[in-house]
Amino acid sequence: MLKLIRNIETFAPEPMGLTDLLVAGGRIVHLGASLGQLSIPGLEIIDGRGLFAFPGFIDGHVHILGGGGEGGFATRTPELMLSDVIQGGVTSLVGCLGTDGITRTLASLIAKARGLEEEGISTWVFSGSYGIPVVTVTGGIESDLLLIDKILGVGEVAVSDHRSSQPTHEALCHLVAETRRGGMLSGKAGLVNFHLGDGPRGLAPLWRILQDTEIPASQMLPTHINRNPLLLAEGVAYALAGGLIDLTSSAPPPEAGSSQIPAAQALKKILDEGVPLERVTMTSDGQGSLPEYDAAGRFSGMGVGKVRSLFDAFRDAVRVEGIPLPTALLPFTANPARILKLRGKGHLAMGQDADLVLVDRGTLELHTVIAKGRTLMSAGELKARGTFERASEVR
Ligand code: ZN
């Protein structure tokens, strides 16, 4: 658990230049000038030359228990495995239910989150699912937030979607208000993660909440904003007015007939439109179902979202879209940590959790993943796997 990373170019995410980084007891205990020759028994030394150090990525929307089921029981997607998390450079995540709030329960969601925590990463969950009234553990949103440490908000609640419960304006106002109050009383984010569908109402339900109530925009995080060009344009206007927006990195293959804009491209567009980037996050929608259609528009099969798509989107943002590293890192690190109030996460500094990803400076390929001081990937090789993953089954 005692590691020294020497001579590594560090983005915290702000650029820090060449640093030595010392990890002890799961925390960063030094980040700065060279420590010289340290002789501490058991000290592991990692040569940082040729690598960049970033904060571990935060994925704020993952169907860790599996999701889907919208084409019948056989289309329920499988549970998340640890290897996919590691291969996404993700060291913290928020689990959520989706369309199905009946056969998927919050009790199971919390159990799965705890399991992933035991396997090495940091986890939280959202209470609720697509529908309103929301499912809860304790019978109420406020008590869920106050009494259950893992719950930091409500989501994903569907709006502007044929699968939503078509909630009234009043019901949505009450939901966001209750979640905010629970967040205030428990010192948590207390925000509602809204699933945005393809419906023409788009972000109108959220605009209306801001217009008709005293609730600040910080209490709502609409996701899937890159679902189609119209919603993306609306998301830009919403963020320019002060709202938070979240992009989704998992996408059906291009031939599947989706109008989704690749997340890296969407991020570039948002920047070009002048949106202050601190209002933007990106999440994977990992383990969500991705229906595929053939050229004739017929249903041809079901894919599943991957957490690792998050890191691919980051790499594309830098290498393909030309977004500078410290800027491109924000939606994956410092922004979600601040918006979701994840203390000790998303930023490299002394006293912060030792959640790190080291990447190749030339290719930006993942090299090393360290979560809470423990090495989960080294030199591109997985060093940890989920309880039910065998080495032979995982790259
Ligand atoms: Zn969704």
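For ligands, and for the atoms within them, numbers begin at 1 and follow the listed sequence.
Here Lys268 pairs with Asp272 in a salt bridge; the nearest charged N to carboxylate O distance falls below 4.0 Å. In summary, Asp355 and Lys372 do not engage in a salt bridge, as defined by a charged side-chain N under 4.0 Å from a carboxylate O.
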- Dump the intermediate steps for side chain to side chain contact (heavy atoms under 4.5 Å, CB included) on Thr223 and Leu247, then the final yes or no. CA-CA 6 Å; Thr223 187; Leu247 304 173; over 6 Å; no

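No other N/O/S atom of His195 lies as close to the Zn ion (ligand 1) as ND1 does.
Between Ser284 and Lys306, the closest heavy-atom pair is CB-O, 3.6 Å.
Taking backbone and side chain together, His61 holds no N, O or S atom under 2.8 Å from the Zn ion (ligand 1). Here Glu156 reaches the Zn ion (ligand 1): one of its N/O/S atoms is less than 2.8 Å from the metal.
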